[in-house]
Amino acid sequence: MSLKFWKPGTAGPGSSLDRDTQNEENVVQSTLAYSSLSIQSQRERLPIYKHREKLLYCTDKYGVIIVVGQTGSGKTTQLPQYLMEAGWASENNVIACTQPRRVAATSVAGRVATEVGSLLGDEVGYTIRFEDVSDKQRTRILYMTDGMLFRETLVDPLLSRYSVIMLDEAHERSLYTDLLLGVLKKIRRKRPSLRLIVSSATLDAASFLDYFSDTTSPNDAIIVSLEGRMFPVEVAYLQQPVPDYVSAAANTAFEINSKHGPGDILIFLTGREEIDRCLEELSELAPKQVTCSMIKIISDNSSRTPRSAPRLVLLPLHAGLTTEEQLAVFEPAEKGTRKVIVSTNIAEASVTIEGIKFVVDSGFVKIRVYNPTTGLASLSTVPTSVASAIQRSGRAGRTSPGICYRLFTQETFERLPYSTPPEITRTDMTTPLLQLKSLGIDNIMKFEWVSAPPAESVLRALESLFAAGMIGEDGRLTPVGQKVAECPVDVGIARMLFSSKDFQCGEEILTIAAMCSVQDVFIIPDGAQGALAELERRKFTAEEGDHLTLLNVYNAFTRYGRSSGWCKSHALSFRGLSRAVSIRAQLKKYMQRFNLPLESCQGDAKRLRRCLVSGYWRNGARWVGDGTFRSVRGNRTLYVHPTSVLFTRKPRSGWVVFHEMEETKKTQIRIITEIEPEWLLDHGHRYEDNRVTTNAVAVG
DNA sequence: GAGCACTGC
């Protein structure tokens, strides 16, 4: 198959990027293609320096500055330093800069500390969950995850220690960025001296400007644009759509290898299955391959490859890989070889690989979508957005000019949505609403969202909070709701922690809560090794179900010295279990603060399971003859997830509770424990009675 | 009878 690409006359679709930008006067033209001078190490030569005075002037005169700048403009590292030099961090004021990801917060803080000549954690620091490398008195510039700053609002609702807050990567619209935008707009009314810097991509700048320029403060916000330090990236579109973008991606990479000079290739697909198939097809195109390891396939020059073409080094990249496997993509290609990295969306923003000259973009992405009507989350493959396509193509221009091959037509590109719907519109709002209520924001409908969550989502969340006893009939927080709002866990898990006092099983529930908060700790590879891993897993199996199995795993992990070697020999994830240890330690502090005893149930599994029901009572299910379950609420057909120990056995009592359900091809339940049906009745009645009363009041 | 986009507290 030969694919026909078409390159528009100009470099990149830059001219069409500004169609959404209304405030032209304030916007310095910024396009994907920007010719760079040679890379300078002195920060004075960073393009942002030209805008230093303007940025400081705007920070003086305006409350909200929307900064538009590409990767490489230096905004994240330089802007906080300019602000500090200009005195914004004097008198014990702190300049905060939030990031959606932990690695970004830590690595940027390290770089800036070096530039400032500070020890990390002294004048420049960072705060992420489980790690606070900052000094309460001395730190002037603080990088942090957006979730951490939002958490801080629960303790200090006016965020009074900060003079300037920069929300970096705001265009990504993470859940916490959106919550912070709403809360910070409110804070600025009470504390106008607080400066807000919102870092955004070109496409979203106008909507942020609208959001902050309301009638009460029409001239409070301004857009400032910075050039990026990117090399030009040529964009090629398919002339005709293709039926199978996975094959098309493999073919395109193969053709790039035959026709173009040096430079690595990055392919964007949606998931592990597609990545594996693409790697397979690529190795078939170059048949004399040599498989070096599970993750690295080197293809030799084949008859179809011109003599001059380099050999291909094929590398998968997705979050399911171990750390070592992920690190392989950063190793420079050996002489005479060319790397082909076949990746999920992880390479779009989370992971940056230098030396990429060619990007192949499938135009699709897998996103998690929450259905508030059914309460089900599902993963669906959807077309990417314009913003995403631009971000992906930009990955080709980090170290030299590059080319991006889009596996769709230009007409398709022009019909793409500008951006992916913000997370807040497609996620369960139960915990976020509890936290907003804890901040004193009771009228959720009147809260000024940048993008409002769907009304059904809000109603469902309120109903869950009421059912869990976190809010009363008046919609206000109950005393337990106030406490739970501070805990970094789901409300169901929090209820279990609180009722562990009655069942005298705090020790065990704490462990289970931590283990339920990490991703699957069992590593089951394909093939023969998978069968061995299954045997390892059986060693931990508790017949009561997955919760107790997870408890066994955790206890064994700590008993054998928390060693990575032990994990490897038992097919367990060291990363996951170490994280569980941290989470458990954190939750333990909350339990101590709330005077919840840390008693052990001394092996009494019944007490433990009754305690689980206190958190999961709305997640009950009943076995039916054909091997599936029916949910107590909604009578939905549920399939057991293959990772469950109940996948292969029928529960003796016929009844279970489960941690979560998710829609894939079928509705599946994960982390399941067998229960006695009458235990469910301990919890439902009062809630149902209340609901009848509430409805009667509403009707009356 | 068979599965896992990516973050974050």
Please output the side-chain donor-acceptor pairs of residues 509-525 of chain A that fall under 3.5 Å, not counting sequence neighbours, one pair per line with the distance.
residue	atom	partner	partner atom	Å
A/T511	OG1	A/E507	O	3.2
A/T511	OG1	A/R584	NE	2.8
A/T511	OG1	A/R584	NH2	3.4
A/S517	OG	A/A513	O	2.8

Exercise for the section: Would you jot down, in residue-number order, the residues of residues 658-669 of chain A having a non-hydrogen atom under 4.0 Å from DNA chain B? Expected result: A/T664, A/K666, A/Q668
Practice task
For A/T673, enumerate each residue passing the side-chain contact (heavy atoms from CB on, under 4.5 Å) test, keeping only those at least two apart in sequence or located in another chain.
Solution key: A/H547, A/R609, A/L612
Handout entry: Which residues share a side-chain contact (heavy atoms from CB on, under 4.5 Å) with A/K185, sequence neighbours left out
Key = A/R189, A/Y211, A/F212, A/D214, A/E448
Problem - Donor-acceptor contact present, side-chain A/T549 to main-chain A/A542, <3.5 Å - result: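 Confirmed, A/T549 side chain pairs with A/A542 backbone.
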Practice task
Taking the six-membered ring for Trp and the full ring for Phe, Tyr or His, determine whether the centres of A/F658 and A/Y616 are under 6.0 Å apart.
Solution key: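 No, the ring centres sit 6.0 Å or more apart.
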Identify whether any heavy atom of [X] sits under 4.0 Å from a base atom; if not, whether one sits that close to sugar-phosphate; answer base, sugar-phosphate or nothing.
X      : result
A/I583 : nothing
A/L379 : base
A/R101 : sugar-phosphate
A/S174 : nothing
A/F647 : base

Handout entry: Step-by-step side-chain contact (heavy atoms from CB on, under 4.5 Å) determination, A/F364 to A/V382
Key = CA-CA 6 Å; A/F364 284 90; A/V382 297; 5.8 Å; no
Handout entry: Span of DNA chain B, from the first to the last nucleotide whose atoms fall under 4.0 Å of chain A heavy atoms
Key = B/dG1 to B/dC9
Handout entry: Listed partners of A/S174 passing side chain to side chain donor-acceptor pair (under 3.5 Å), at least two apart
Key = A/D146, A/T177
Handout entry: A/E544 and A/R652 ion-paired at < 4.0 Å
Key = no
Practice task
Indicate syn or anti for B/dC4, taking the glycosidic torsion and treating anything within 90° of 0 as syn.
Solution key: syn
